[in-house]
Amino acid sequence: QSDKYLDTDPRKYITFKHPITKELLVYRQLAPIYGENSAPIRWEKTLFPFIQSLGFDKGENEPCVFYHKERDLTVLVYVDDILADGYEEDIQWFFDEIAERFECKEDQWLTPETPIDFLGIDVSMDKDGVCMSMCNYIDKCIIGLSALGLNNLSASTPMNTEIQDLTLLPESLKKLFMTAVGCLGWLTNTVRLVDVALAHSRISQHMANPCKGALEALKRTWQCLAQHKKLCLHQPFDSNDDGGFWCDSDHAGNPLEANNRKSQNGVLAMVGSAPTMWGSKVTSIAFAHPDIGEAHPDRSSGAAEVYAAANATCDIMHLSYCIREMGNVYFPKPFRLLMDNTTAEAFANNSCFKSKLKHIDVSQRWVRCLRDSSIMTPVHVNTHDNL
């Protein structure tokens with residue numbers, strides 16, 4: 001449904017073989033075809049200007065967010081799936097305008113009686129709040145990945161041991177492995193990253209050279225998801241919780257030689273009572289000196305925590321920009337970043353002048369970002385309370 005090609009555009013042709021006569025048929029292409037390389041950008045240049053013509057401002061930090069100030073209406077776009085949040089009459093106005101311009105499926109409205117499926121996410125509502133789960137998606141994946149041999153669909157945790165067996169998988173299993181990791185990636189970027197983030201990060205590091213150890217870890221993760229498929233995120237309507245922000249590092253916790261003993265960084269942002277942004281990833285910046293091209297293991301847990309706090313600060317800052325573009329959603333400034341390492345806390349407060357952290361170049365941009373008190377205030381939290 002993208003705009004047709006202009007007469008001034010270069011002419012494009014497409015060929016088909018007649019299924020019976022085998023004659024080669026040639027057609028002039030008048031518009032983008034689903035799946036061709038130029039289709040996504042042409043669809044964006046069709047849909048986005050139309051939404052903006054209705055009075056919406058497009059996000060610059062998150063280009064798929066649109067906000068209508070006069071109507072206090074927020075619209076989120078994912079290719080051709082649209083989620084709208086606002087007053088009922090304004091939402092109805094928006095979808096009527098969309099339906100007049102495009103051929104659309106029937107609108108779905110979230111009510112206590114009618115849950116909706118949005119991009120594989122089961123969104124439902126009860127008298128207390130809104131729930132998001134991936135139960136149906138997990139069921140479909142388990143069926144589709146049956147060739148992995150997921151016989152015992154029961155595991156209490158996503159990962160219970162390090163990946164040690166680096167024996168390469170046969171070619172017949174590599175594609176299946178990558179498919180299963182891809183499906184896991186969608187879960188970790190929607191609802192279930194809170195509990196499978198670390199497992200996904202560790203397993204996906206073996207995508208280039210899938211091995212038996214990574215496959216076994218992957219199977220256990222899916223077995224855990226099958227056992228706990230009904231877990232969901234829940235946001236109460238009357239939540240008085242201001243949310244919060246946490247960061248942590250494991251200080252060279254991955255023993256694999258290929259990992260070079262890099263640390264694993266964790267970050268979690270809560271809006272209200274529900275996790276909204278999260279991540280678990282290997283450190284990926286040049287630490288002690290800008291000329292070092294790759295992150296390296298550090299000497300102290302304090303340094304690893306400093307890097308984790310800096311990375312978390314950047315991620316949370318980006319979240320604040322997106323939230324600002326979505327309209328009237330509260331975001332604290334400065335935000336309180338909870339950390340369980342006193343060395344990192346002192347460094348962030350710029351209150352330690354003689355320490356083992358001398359090797360950190362405080363003029364580097366990421367450290368300045370960390371120390372900008374107008375953006376973030378470091379707060380100590382007990383390790384057992386660090387989400």
Side-chain angles (χ1 to χ4, degrees), residues 1 34 40 43-44 47-48 50-51 54 56 58-59 62-68 71-99 101-144 182-197 200 225 228-237 239 269-278 319 322-323 325-329:
Q1 299 188 52
Y34 186 88
W43 173 241
E44 178 182 328
L47 178 62
F48 285 12
F50 176 76
I51 296 177
L54 300 177
F56 286 86
K58 187 178 87 165
E62 178 47 77
C64 296
V65 167
F66 295 85
Y67 180 63
H68 199 298
R71 294 179 180 268
D72 190 19
L73 176 62
T74 302
V75 167
L76 309 179
V77 177
Y78 190 94
V79 190
D80 58 350
D81 289 288
I82 296 178
L83 187 68
D85 180 68
Y87 293 104
E88 182 175 347
E89 58 270 23
D90 294 322
I91 296 175
Q92 190 61 64
W93 160 80
F94 171 70
F95 281 120
D96 287 344
E97 294 287 339
I98 287 286
R101 169 62 179 82
F102 301 98
E103 183 182 342
C104 303
K105 294 181 179 178
E106 186 178 352
D107 306 337
Q108 292 180 295
W109 291 77
L110 178 63
T111 71
E113 293 75 31
T114 56
I116 63 175
D117 180 326
F118 186 72
L119 305 173
I121 305 170
D122 302 313
V123 187
S124 60
M125 179 189 298
D126 56 25
K127 61 182 178 61
D128 299 318
V130 175
C131 295
M132 296 170 60
S133 81
M134 300 295 286
C135 185
N136 291 329
Y137 179 84
I138 292 173
D139 281 340
K140 292 177 182 177
C141 288
I142 294 296
I143 295 173
C183 293
L184 186 62
W186 183 243
L187 285 167
T188 58
N189 280 284
T190 50
V191 173
R192 295 299 294 268
L193 188 61
V194 177
D195 55 343
V196 298
H200 176 255
L225 285 166
H228 303 291
K229 63 183 180 181
K230 293 185 178 180
L231 288 179
C232 64
L233 301 182
H234 183 261
Q235 184 72 279
F237 291 129
S239 174
M270 306 273 282
V271 174
S273 303
T276 301
M277 185 273 292
W278 46 73
L319 175 65
C322 297
I323 286 181
E325 293 173 346
M326 289 177 64
N328 296 323
V329 182

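Keep in mind that the numbers below use all heavy atoms, side chains included, and drop hydrogens, waters and symmetry copies. The first residue of the sequence shown is numbered 1, and numbering continues consecutively from there.
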Can you tell me how far the [atom1] atom of [X] sits from the [atom2] atom of [Y], to the nearest 0.5 Å?
X      : Y      : atom1 : atom2 : result
Leu119 : Leu83  : CG    : CG    : 8.5 Å
Ile51  : Arg101 : CD1   : CZ    : 11.0 Å
His200 : Asp195 : NE2   : CG    : 13.0 Å
Leu187 : Cys141 : CG    : SG    : 6.0 Å
Glu97  : Leu54  : CD    : CG    : 5.5 Å

Work out which heavy atom in [X] is nearest to a heavy atom in [Y]; give both atom names and the distance.
X      : Y      : value
Cys104 : Ile98  : SG-CG2, 3.5 Å
Ile91  : Trp109 : CG2-CH2, 3.4 Å
Glu325 : Tyr67  : O-CB, 3.4 Å
Pro115 : Leu110 : CA-CD1, 4.1 Å
Asp107 : Phe95  : OD2-CB, 3.5 Å
Phe48  : Pro63  : CE2-O, 3.6 Å

Atom pairs and distances, side-chain donor-acceptor, residues 123-140, under 3.5 Å, sequence neighbours left out:
| residue | atom | partner | partner atom | Å |
| --- | --- | --- | --- | --- |
| Asp126 | OD1 | Asp128 | N | 2.9 |
| Asp126 | OD1 | Gly129 | N | 2.7 |
| Asn136 | ND2 | Asp122 | OD1 | 3.2 |
| Tyr137 | OH | Cys183 | O | 3.4 |
| Asp139 | OD1 | Lys229 | NZ | 2.9 |

Check: [Y] and [X] side chains under 4.5 Å, non-hydrogen atoms:
X      : Y     : result
Leu47  : Asp80 : no
Val79  : Asp81 : no
Met326 : Glu62 : no
Cys322 : Val65 : no

(message) Holding to side-chain contact (heavy atoms from CB on, under 4.5 Å), I want the full list of residues that pass it with Pro236, two or more places apart in sequence or in another chain.
(response)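 With neighbours one apart ignored, the set is His234, Asp238, Ser239, Ser273.
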(request) Applying side-chain contact (heavy atoms from CB on, under 4.5 Å), name anything that partners Thr114, two or more places apart in sequence or on another chain. (result)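 Result, side-chain contact (heavy atoms from CB on, under 4.5 Å) vs Thr114: Thr111.
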(request) Name all residues meeting the ring pair (Phe, Tyr, Trp, His ring centres under 6.0 Å) criterion together with Phe56; count only those two or more places apart in sequence or in a different chain, and write none if there are none. (result)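 Applying ring pair (Phe, Tyr, Trp, His ring centres under 6.0 Å) to Phe56 gives His68, Phe94.
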(request) Not counting sequence neighbours, which residues clear ring pair (Phe, Tyr, Trp, His ring centres under 6.0 Å) with Phe50? List them please. (result)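 Checked Phe50 against ring pair (Phe, Tyr, Trp, His ring centres under 6.0 Å); matches are Phe102.
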(request) Output yes when a side-chain donor or acceptor of Glu103 lies under 3.5 Å from a complementary backbone atom of Gln1, and no otherwise. (result)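 No; zero donor-acceptor contacts below 3.5 Å.
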(message) Give me each pair satisfying side chain to side chain donor-acceptor pair (under 3.5 Å) with a member in residues 82-92, each pair once, sequence neighbours excluded.
(response)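 Residue pairs with at least one partner in residues 82-92: Arg71-Asp90, Gln92-Asp96.
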